[in-house]
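See below for the structure under consideration.
Chain letters run A, B, ... following the sequence lines, proteins first, then strands; residues in each count from 1.
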Amino acid sequence: MPELPEVEVTRLSFADRIANAHISDVRVGKPLRWPLGVMPTSLIGRKVLGVRRRGKYLLMDLNQGLLLWHLGMSGSLSFSSDGAIANMSPKPHDHFDLQTTHGLLRLNDPRRFGAVVYADSEASASAQKLLGHLGVEPLAGQFDLDTFHKNLKQRSAAIKQVLLAGDIVVGVGNIYASEALFLARIRPTVRANRISRLRAEKLRLAVIDVLAHAVAKGGSTLRDFSNAEGQSGYFQLEANVYDRAGLPCRQCGHLIKRLVQGQRATYFCPVCQKP
DNA sequence: CACGGATCCTGATGGC
DNA sequence: TGCCATCAGGATCCGT
């Protein structure tokens with residue numbers, strides 16, 4: 001479900017409200033992608049210091065250790081400060097509850113590709129196994145052209161798949177990869193190491209632009225996205241190419257094409273986007 | 001070490 | 001209406 005913008009919007013919707021809360025209970029539902037890595041009851045009494053984001057992970061700092069949250073393909077978080085949701089019994093796909101003195105943080109994830117993982121510190125092996133290989137943050141001023149272009153030159157895979165891999169720059173998922181490549185006018189099948197410095201700069205700016213814009217719009221192109229306050233689902237950002245196979249390009253009118261790369265759908269305009 | 005494919009799981013959708 | 005195949009926002013593991 002979530003790419004970087006959805007994760008960030010989710011974070012913004014509850015981080016302030018949960019800060020300084022104390023964990024009063026933990027409920028674990030069906031197994032998620034990875035085990036929690038600690039006895040759930042051992043978290044009771046700890047204090048939530050804040051919530052950061054790294055790529056598509058949310059990092060919840062506790063006064064001792066931290067929790068890493070990932071929403072996978074179909075996950076979403078809800079947080080209720082009042083008692084309304086706090087008293088609601090879990091629905092079938094509610095697989096993790098963090099009850100705090102400020103409210104209930106609940107993970108709903110039908111496909112269970114998401115996870116909540118405890119780590120003693122961000123530098124610990126369990127955290128680094130998940131975070132250690134991640135690329136730079138695109139919206140934190142660390143995403144510079146020299147490094148980006150140098151990294152692209154070392155990769156022979158298609159640029160779409162290199163973006164998705166997340167080890168050069170994080171947060172670009174399947175929707176925004178197609179959208180960014182459209183904005184940069186680059187064909188998704190172009191090998192990364194064949195991209196000129198000039199085109200790498202266009203792509204860098206396109207990635208920043210599409211992600212920042214989606215965060216600012218408070219949501220995304222996702223049909224069923226809702227933040228942790230339950231505000232949902234407006235399709236605010238109009239996709240240029242994603243899920244538009246057979247429809248006319250908004251720029252030139254030619255028909256958008258769909259192809260499959262690494263078992264993932266890719267959409268592009270064969271006229272606007274050059275090999 | 002980078003690449004391509006298989007894999008985890010459930011629900012929605014479309015064709016017949 | 002039922003059944004089956006296909007597809008879906010992610011990321012890891014494995015063989016090459």
_Starting the side chain at C-beta, find the nucleotide from B:dG4, C:dG10, B:dT10 nearest to A:His70._
C:dG10
Nucleotide [N], atom [atom2] - distance to [atom1] of [X] in whole Å:
X        : N      : atom1 : atom2 : result
A:Asp243 : C:dT6  : CG    : P     : 19 Å
A:Phe113 : B:dC9  : CZ    : C1'   : 5 Å
A:Gln263 : B:dT7  : CD    : C1'   : 9 Å
A:Leu259 : C:dC7  : CG    : P     : 13 Å
A:Asp167 : B:dC3  : CG    : C1'   : 12 Å
A:Arg155 : B:dC1  : CZ    : P     : 12 Å
A:Asn174 : C:dG10 : CG    : P     : 6 Å
A:Tyr267 : C:dC7  : OH    : P     : 10 Å

With a cut-off of less than 4.0 Å, is there a side-chain N or O of [X] near OP1 or OP2 of [N]?
X        : N      : answer
A:Arg258 : C:dA8  : yes
A:His133 : C:dT12 : yes
A:Arg33  : B:dC9  : no
A:Lys30  : B:dT10 : yes
A:His93  : B:dG11 : yes
A:Ser156 : B:dC3  : yes

*Given that A:Gln154 and A:Gly262 both sit by DNA chain B, which one's nearest nucleotide is further toward the 5' end?*
A:Gln154
*Look at the rings of A:Phe143 and A:Phe148 and say which category their plane angle falls in: under 30° parallel, 30 to 60° tilted, over 60° perpendicular.*
perpendicular
*Give the minimum heavy-atom separation between A:Cys252 and A:Cys269, together with the two atoms involved.*
SG-SG, 3.6 Å
_Using every non-hydrogen atom in the two residues, find where A:Val190 and A:Lys274 come nearest and quote the distance to one decimal._
CG2-O, 4.0 Å
*Please evaluate the base of C:dA8 for a donor-acceptor partner in the side chain of A:Arg264 within a cut-off of under 3.5 Å?*
no
*Heavy-atom donor-acceptor pair, A:Arg112 side-chain to B:dC9 base, under 3.5 Å*: no
*Please assess A:Glu6 against A:Lys56 for the test salt bridge (charged side-chain N to carboxylate O under 4.0 Å, His left out), listing each intermediate value before the final yes or no.*
CA-CA 9 Å; A:Glu6 293 73 40; A:Lys56 299 170 191 170; over 6 Å; no
_What contact category does A:Gly173 fall into here, base, sugar-phosphate, or nothing, at under 4.0 angstrom with non-hydrogen atoms?_
sugar-phosphate
*With a non-hydrogen cut-off below 4.0 angstrom, is A:Ala165 in contact with a base, only sugar-phosphate, or nothing?*
nothing
Close N or O pairs between protein and nucleotides 13-16 of chain C (under 3.5 Å):
none

*asked:* Apply salt bridge (charged side-chain N to carboxylate O under 4.0 Å, His left out) to residues A:Arg155 and A:Asp167 and explain how you reach the verdict.
replied: CA-CA 11 Å; A:Arg155 307 288 284 269; A:Asp167 50 359; 3.3 Å; yes
Taking 4.0 angstrom as the limit, do [X] and [Y] come out as a salt bridge?
X        : Y        : answer
A:Glu137 : A:Arg54  : yes
A:Asp144 : A:Lys150 : no
A:Arg258 : A:Asp243 : no

Using a cut-off of under 3.5 Å, enumerate the N/O to N/O pairs linking the protein to nucleotides 3-5 of chain C.
none

_Among A:Val117, A:Leu43, A:Leu59, which residue satisfies the side chain to side chain contact (heavy atoms under 4.5 Å, CB included) criterion with A:Leu67?_
A:Leu43
*Once Watson-Crick and G-U wobble pairs under 3.5 Å are found, how is DNA chain B written in dot-bracket notation, 5' to 3', with | for any base paired to another strand?*
.|||||||.|||||||
*Would you sort out whether A:Leu152 and A:Asn193 count as a side-chain contact (heavy atoms from CB on, under 4.5 Å), showing the intermediate values?*
CA-CA 5 Å; A:Leu152 291 185; A:Asn193 57 10; over 6 Å; no
*What distance do A:Leu77 atom CG and A:Leu58 atom CG have between them, rounded to the nearest 0.5 Å?*
6.5 Å
*Can you find a pair of side-chain heavy atoms, one from A:Val170 and one from A:Val136, that are under 4.5 Å apart?*
no
*Side chain proximity check, A:Met60 to A:Ile18, heavy atoms < 4.5 angstrom*: yes
*Pairwise P distance, B:dG11 and C:dT12 [rounded to whole Å]*: 25 Å
